[in-house]
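Heads up: the structure comes next, in structure tokens.
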Amino acid sequence: MATIRVRFAPSPTGHLHVGGARTALFNWLFARQNNGVLVLRIEDTDLARSTKESEEVMLNDLKWLGLHWDEGPDKGGDFGPYRQSERLSIYREYADKLLAEGKAYHCFCTDEELEAHREQRRAEHQTPHYSGKCRQLSDAEKEKLKRAGRTPAIRFKASAEDINIKDLVRGNVTFPQGMIGDFIIMRSQGYPIYNFCVTIDDALMKISHVIRGEEHLSNTLRQIMLYKALGFPLPTFAHLSLILAGDRSKLSKRHGHSSLGQFEDKGYLPEAMINYLALLGWAPTTLSGDVEEMLSVEEITRQFSLEKVNKSPAVFDLDKLNFLSGHYIRRLPPEKTLELARPYLEQAGLVDENTDQAWLTEVVMELRGHLHCFSEITQHTDVFFKNELKPESDAEWEMLKAPGVTDLLSGLKGKLSGLTAISPEEFFALIKELKKEFGVKGKALFMPVRIALSGQQHGPDLGKLVSLVGPANCVKRIESALQNL
RNA sequence: GUCCCCAUCGUCUAGCGGCCUAGGACAUCGCCCUUUCACGGCGAUGGCGCGGGUUCAAAUCCCGCUGGGGACGCCA
């Protein structure tokens, strides 16, 4: 059996989109489980929008996810170059071939003429196709236009036949003939157009399965015409449904969380992202009854199948990503947890290289129960890093102002004063003494103490908190609370 | 407008004619655990878009409608 070869072909015109990431993932999974090859190709024929920076960002995003490719601009391979901007002579060669065979022709129409024509067609409720105007230009007319300073684009003669697409996800899709007009394959400036490049590259790179987003389904029609005209064998197609935003329109920048890089920056875990993306449009065969949805990459690879990929579009659900990422964070070993949390703590100016490693690890482990991503950690750090903690709600003030609380807190302060360190057990022993001395217990005992020490009704285990913050800081906090009463 | 695609809880989905009084996950709500919150455990609420067929039997097959999406570029 021939080697399975798939490709991911982003255009470097911005960030890596969440949808693009899923497409890359599915290609990668498919290649992996079939012992195939994943090709990374950069589609940078849009000179105006493509940037080198964007290309780098995209490669890094892919690497962050853990998706590696076998052939690509940075890796080389037998079918390079892998950047379309470096394959221009190839496209020109094939364009000339089509021209020579009469399957394409020069088109001298200007943008304005084309736009005017489209407008008119639309006004007449017709499909806004190209008219084929330049198709029958005589040599004399062409010469005249050239002398007038017009440089022609190359237009492909669309074939007049129904086109059938065999698609692994969608089954058979047929487009009736006459759906599209003659389309440009080479710009007047001499650069090729997307549909032309993809076809040539996919064919020359021996891509066996084209797995991509559904927005390309109608492009496939053009590409099939080109495959046929060029005499290339057809690959197998698989069009993945789109990822939608909450308003059910295509997920885009304006929806806020469309770029993969954002999730990396916020400190989401790549394994959670993989898990989430895989579940978006695909479900493991074992899914039913009491089945785990937390899947490792290995498990996903083992079970993945294009036939099981859903046809209907899926809404990107941040809640579920949050759940998965939080779940994975809670399963991280302490050292790793610290390593990932540290940059956010440093950025907030809370820690530096001198901060005690063991202490910080405990703090981070105490906080991680709340996290969906590591950047959220700074929302919870005050209790460990600030000594002036002012309650915000009236309920908290009331509990502090309850009768006897001043004496209670003074008592606690007295017991903590002079100590250099205290364990949770020792702290609770002190609390026990207070309980006897002041005759308070339960909520009436713990809440004022908690609020004085943490500024809030809620927070980490008091023993943990006190042992980590230390007696001296606790004394400061109690003093600060007492002053405000 | 034309063409194509899609349609099960709010969201992601299981379901491929009888195991479905439709299963799971997230979210929501409640209970438990806990001195509090979070975590964790348990439970609840909630869905087959509509109308026709086909069949002994339809979420599952067919048709129509409705709704949503995508594409119609010298963008990819």
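Each chain gets a letter, A, B and so on, in the order the sequences are listed, and its residues count up from 1.
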If you measure from the [atom1] atom in [N] to the same atom in [M], how many Å do you get, rounded?
{"N": "rG40(B)", "M": "rC26(B)", "atom1": "P", "answer": "9 Å"}
{"N": "rC4(B)", "M": "rC65(B)", "atom1": "P", "answer": "13 Å"}
{"N": "rU11(B)", "M": "rG53(B)", "atom1": "C1'", "answer": "33 Å"}
{"N": "rU8(B)", "M": "rG68(B)", "atom1": "P", "answer": "15 Å"}
{"N": "rA14(B)", "M": "rC74(B)", "atom1": "C1'", "answer": "47 Å"}
{"N": "rU13(B)", "M": "rG18(B)", "atom1": "C1'", "answer": "23 Å"}
{"N": "rC48(B)", "M": "rG15(B)", "atom1": "C1'", "answer": "10 Å"}
{"N": "rC12(B)", "M": "rG46(B)", "atom1": "C1'", "answer": "15 Å"}

Restricting to non-hydrogen atoms, name the atom on [X] and the atom on [Y] that form the minimum distance, rounded to 0.1 Å.
{"X": "Ala104(A)", "Y": "Leu99(A)", "result": "O-CD1, 3.4 Å"}
{"X": "Ile422(A)", "Y": "Leu416(A)", "result": "CD1-CD2, 3.9 Å"}
{"X": "Leu408(A)", "Y": "Ala444(A)", "result": "CD2-O, 4.4 Å"}

Nearest-nucleotide 5' precedence on RNA chain B, Phe428(A) against Asp111(A):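 The residue mapped nearer the 5' terminus is Phe428(A).
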What class does the angle between the rings of Phe196(A) and Tyr91(A) fall in, given that below 30° is parallel, 30 to 60° is tilted and above 60° is perpendicular?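 Because their plane-to-plane angle lies in the 30° to 60° range, the rings of Phe196(A) and Tyr91(A) count as tilted.
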For the residue pair Tyr130(A) and His117(A), categorise the inter-ring angle as parallel (less than 30°), tilted (30 to 60°) or perpendicular (more than 60°).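 Ring orientation, 0 to 90° scale: perpendicular.
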Given [options], which nucleotide is nearest the side-chain atoms of [X]?
{"X": "His216(A)", "options": "rA76(B), rC4(B), rA7(B)", "answer": "rA76(B)"}
{"X": "Glu215(A)", "options": "rC74(B), rA27(B), rG70(B)", "answer": "rG70(B)"}
{"X": "Leu242(A)", "options": "rC4(B), rG69(B), rC72(B)", "answer": "rG69(B)"}
{"X": "Ser218(A)", "options": "rC72(B), rU13(B), rA71(B)", "answer": "rA71(B)"}
{"X": "Lys250(A)", "options": "rG70(B), rC26(B), rC75(B)", "answer": "rG70(B)"}

State whether Arg331(A) places a side-chain N or O below 4.0 Å from either non-bridging phosphate oxygen (OP1 or OP2) of rC39(B).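 No, outside the criterion.
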OP1, OP2 of rC75(B) versus side-chain N and O of Arg187(A): anything below 4.0 Å?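 The answer is yes; a side-chain N or O of Arg187(A) sits under 4.0 Å from OP1 or OP2.
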Identify the nucleotide, in any strand shown, that forms a Watson-Crick or G-U wobble pair with rC65(B), with both distances under 3.5 Å; if there is none, say none.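 Paired with rC65(B), as far as the under-3.5 Å criterion goes, is rG49(B).
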Using a 4.0 Å heavy-atom cut-off across all strands, classify Arg170(A) as base, sugar-phosphate, or nothing.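 Arg170(A): backbone/sugar contact only, no base atoms under 4.0 Å.
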[N] base / [X] side chain donor-acceptor hit below 3.5 Å:
{"X": "Ser241(A)", "N": "rC6(B)", "answer": "no"}
{"X": "Glu293(A)", "N": "rG24(B)", "answer": "yes"}
{"X": "Asn195(A)", "N": "rA76(B)", "answer": "no"}

